[in-house]
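Working notes for the structure below.
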Amino acid sequence: MGKNDLNKRILDIAAITEKEAQRAADAGDLAEAKRVISNGIRDLRDYKRELTEAERSIREQFQDAKLKNRASGQTVGMFVGSKTRAAIARGRAAEGRRLSSNQAAVLQPYARAKANVDRAIAAMDRAKADVTNEAARMREGKSSSATSATSAQATVTQAPAAPTAPPPPPPVPAQWATDPHGRHQHRWWDGTRWTEHVSNDGVVSSDPV
């Protein structure tokens, strides 16, 4: 799975959560908005566990390859001269370095995706706290209005304050992601919007949104 595919899942979860939470807030249902954000956080944590499991599987595969490399040539080395044995040892060492380098390169996108998941979760946690605080302010406003109306024996019921939509969860950090317009393989997301920078088979060009 490519690094852009790994991050696309994060973008999708964030976008769906933002849309549904905003819709609930616009309807004045802050409890539902809070529930939607909690579900988004849960989905991101589930995805992080999937990434961790994928990392574990990759490490096991490379470990098997490293063990086979260490064992290679040992039997033959018993029947050859010292120079040949030295050459075989150098070959094993070079192959070991290559395997370690390849393992690091394969694992790097997963580590970055997990870091992006953590940032997205932190953003949703802040949005959830904002919704909670806004709901508390609304409850306090209604309570104060009811107390004032009772003490003054008002005959007109005071209308509650209109609900304020919570801020949507901040977007995923800047990165290459699948072009949402479908015209190119990837398009650069700058953290707030889709830009004109696009990429096809590693070649970067420009195509206005």
Side-chain angles (χ1 to χ4, degrees), residues 1-59 104-143 160-199 209:
M1 183 179 292
K3 60 183 180 180
N4 291 307
D5 293 327
L6 295 176
N7 287 312
K8 182 180 183 300
R9 176 87 170 270
I10 305 171
L11 286 169
D12 289 344
I13 293 172
I16 292 172
T17 300
E18 176 183 349
K19 181 179 179 180
E20 293 184 356
Q22 187 66 57
R23 182 166 53 201
D26 290 342
D29 192 347
L30 295 185
E32 174 65 11
K34 184 176 177 180
R35 186 192 68 79
V36 168
I37 296 173
S38 295
N39 288 343
I41 293 172
R42 181 202 62 202
D43 291 344
L44 286 171
R45 286 175 176 161
D46 288 344
Y47 182 46
K48 185 176 180 180
R49 282 191 286 271
E50 291 179 23
L51 293 171
T52 300
E53 180 61 23
E55 286 178 319
R56 185 192 64 78
S57 177
I58 291 169
R59 288 191 179 96
V106 172
L107 288 173
Q108 187 179 57
Y110 290 85
R112 288 178 177 172
K114 288 170 67 175
N116 286 338
V117 168
D118 288 338
R119 282 191 284 269
I121 289 175
M124 288 190 186
D125 276 332
R126 290 192 295 270
K128 183 178 176 181
D130 288 341
V131 172
T132 300
N133 293 336
E134 180 60 26
R137 283 194 294 269
M138 289 178 62
R139 286 194 299 270
E140 291 172 0
K142 289 180 180 180
S143 177
T164 301
V172 173
Q175 60 189 283
W176 287 105
T178 302
D179 184 4
H181 305 292
R183 298 198 298 267
H184 303 276
Q185 292 178 344
H186 305 106
R187 184 176 292 273
W188 182 252
W189 171 262
D190 69 2
T192 58
R193 65 181 182 82
W194 295 105
T195 70
E196 71 277 8
H197 304 297
V198 296
S199 173
V209 178

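Both backbone and side-chain heavy atoms feed into the values below; hydrogens, waters and symmetry mates do not. Remember, predicted model here, so these are calculated numbers, not experimental data.
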inquiry  = Using the salt bridge (charged side-chain N to carboxylate O under 4.0 Å, His left out) criterion, which residues pair with Lys114? Sequence neighbours excluded.
reply    =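 By the salt bridge (charged side-chain N to carboxylate O under 4.0 Å, His left out) rule, Lys114 matches Glu55.
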
request  = Apply salt bridge (charged side-chain N to carboxylate O under 4.0 Å, His left out) to Arg59 and list each qualifying residue two or more places apart in sequence or on a separate chain.
outcome  = none

Looking only at heavy atoms, what is the nearest atom pair of [X] and [Y], with distance?
X     : Y      : result
Gly40 : Met124 : C-SD, 3.7 Å
Val36 : Ala21  : CG1-N, 3.7 Å
Ala33 : Ala24  : N-CB, 3.6 Å
Ile37 : Lys128 : CG2-CB, 3.9 Å

task = Check step by step if side-chain contact (heavy atoms from CB on, under 4.5 Å) holds for Leu44 and Ile10.
result = CA-CA 7 Å; Leu44 286 171; Ile10 305 171; 4.1 Å; yes

Worked check of side-chain contact (heavy atoms from CB on, under 4.5 Å) between Arg137 and Asn133 = CA-CA 6 Å; Arg137 283 194 294 269; Asn133 293 336; 3.8 Å; yes

[atom1] of [X] to [atom2] of [Y]: how many Å apart, nearest 0.5 Å?
X      : Y      : atom1 : atom2 : value
Lys34  : Asp130 : NZ    : CG    : 12.0 Å
Ile121 : Arg42  : CD1   : CZ    : 12.5 Å
Glu134 : Arg139 : CD    : CZ    : 10.5 Å

key: Partner of Asn7 under side-chain hydrogen bond (donor to acceptor under 3.5 Å, both in side chains), chosen from Asn116, Thr178, Asp12   =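 That would be Asn116.
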
query = Short question: side chain of Tyr110, backbone of Leu6 - any donor-acceptor pair under 3.5 Å?
reply = no

message = According to side-chain hydrogen bond (donor to acceptor under 3.5 Å, both in side chains), who are the partners of Asp125, at least two apart in sequence or on a separate chain?
response = none

task = Please step through side-chain contact (heavy atoms from CB on, under 4.5 Å) for the pair Arg9 and Val117, ending with a clear verdict.
result = CA-CA 10 Å; Arg9 176 87 170 270; Val117 168; over 6 Å; no

